[in-house]
Amino acid sequence: MRLFALGLVWALTSGPGLAQGQFQVVIGSKADTEGALLGSMIALALEREGIPVDLRLQLGPSRKVRSALLSGEIDTYPEYTGNGASSHQREGDPAWRSPDIAFETIKRPAAERHKLVWFPRLPPTTHG
């Protein structure tokens, strides 16, 4: 059984849309089909609410997308909570065995170090 939890990481900086004096959300994703699909779903939900978006999907691996977020190139992207373990070199930490504890473990340093906000995570799903 595998547990997955997904959240959105949001930069509290003036992203590209805000820096140009326009309100739009720039959505990125990793270079995989799932990330592009999730990024597109986020865009559809925001557009349905009348929020303009700019899609920059399939940017590359985790490191490149995170760098784009931290530099303000994108405003948000879908991310697995568990990827925080490798981002912070804490793969052996028992916190990553529990979706709730893992989420709390990753969102604190993201906020403190980089002014990033993890939106509430999607409920975990199990696959046998």
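All values below come from the heavy atoms of this structure, side chains included, with hydrogens, waters and symmetry mates left out. In this chain, residues are counted from 1 in sequence order.
Of the charged side-chain nitrogens involved, at least one lies within less than 4.0 Å of a carboxylate oxygen, so that Glu79 and Lys30 count as a salt-bridged pair.
A 4.5 Å side-chain heavy-atom check between Ile74 and Leu59 finds at least one atom pair inside the cut-off. In this structure, the side chains of Arg66 and Leu70 come closer than 4.5 Å at one or more pairs of heavy atoms.
Heavy atoms only, all atoms of each residue included: Asp54 and Arg56 are closest at OD2-NH2, 2.9 Å. Nearest heavy atoms, Gly39 versus Ile27: O-CG2, 3.9 Å. Scanning both residues, Leu57 and Ala36, for their nearest heavy atoms gives CD1-O, 3.6 Å. Contact between Gly35 and Pro78 at its shortest, heavy atoms only, is O-CG, 3.9 Å.
Put simply, the side chain of Ser98 never gets that close to the backbone of Ala95: no donor and acceptor are under 3.5 Å apart. Side chain of Ser29 to main chain of Gln58: a donor-acceptor pair is present (N/O by atom type, distance under 3.5 Å, no hydrogens or angles).
Residues Trp118 and Ile101 do not share a hydrophobic cluster, clusters being chains of Ile/Leu/Val/Met/Phe/Trp/Tyr side chains in contact below 4.5 Å.
Note that CD of Glu47 and CD of Gln24 are 10.5 Å apart. Values are rounded to the nearest 0.5 Å. If you take CG on Leu69 and CG on Leu116, they are separated by 5.0 Å, rounding to the nearest 0.5 Å. One finds the CG atom of Leu46 at 8.5 Å from the OG1 atom of Thr76 (value rounded to the nearest 0.5 Å). The distance from the CD1 atom of Ile51 to the CD1 atom of Ile42 is 12.5 Å, given to the nearest 0.5 Å. If you take OH on Tyr77 and OG on Ser62, they are separated by 6.5 Å, rounding to the nearest 0.5 Å.
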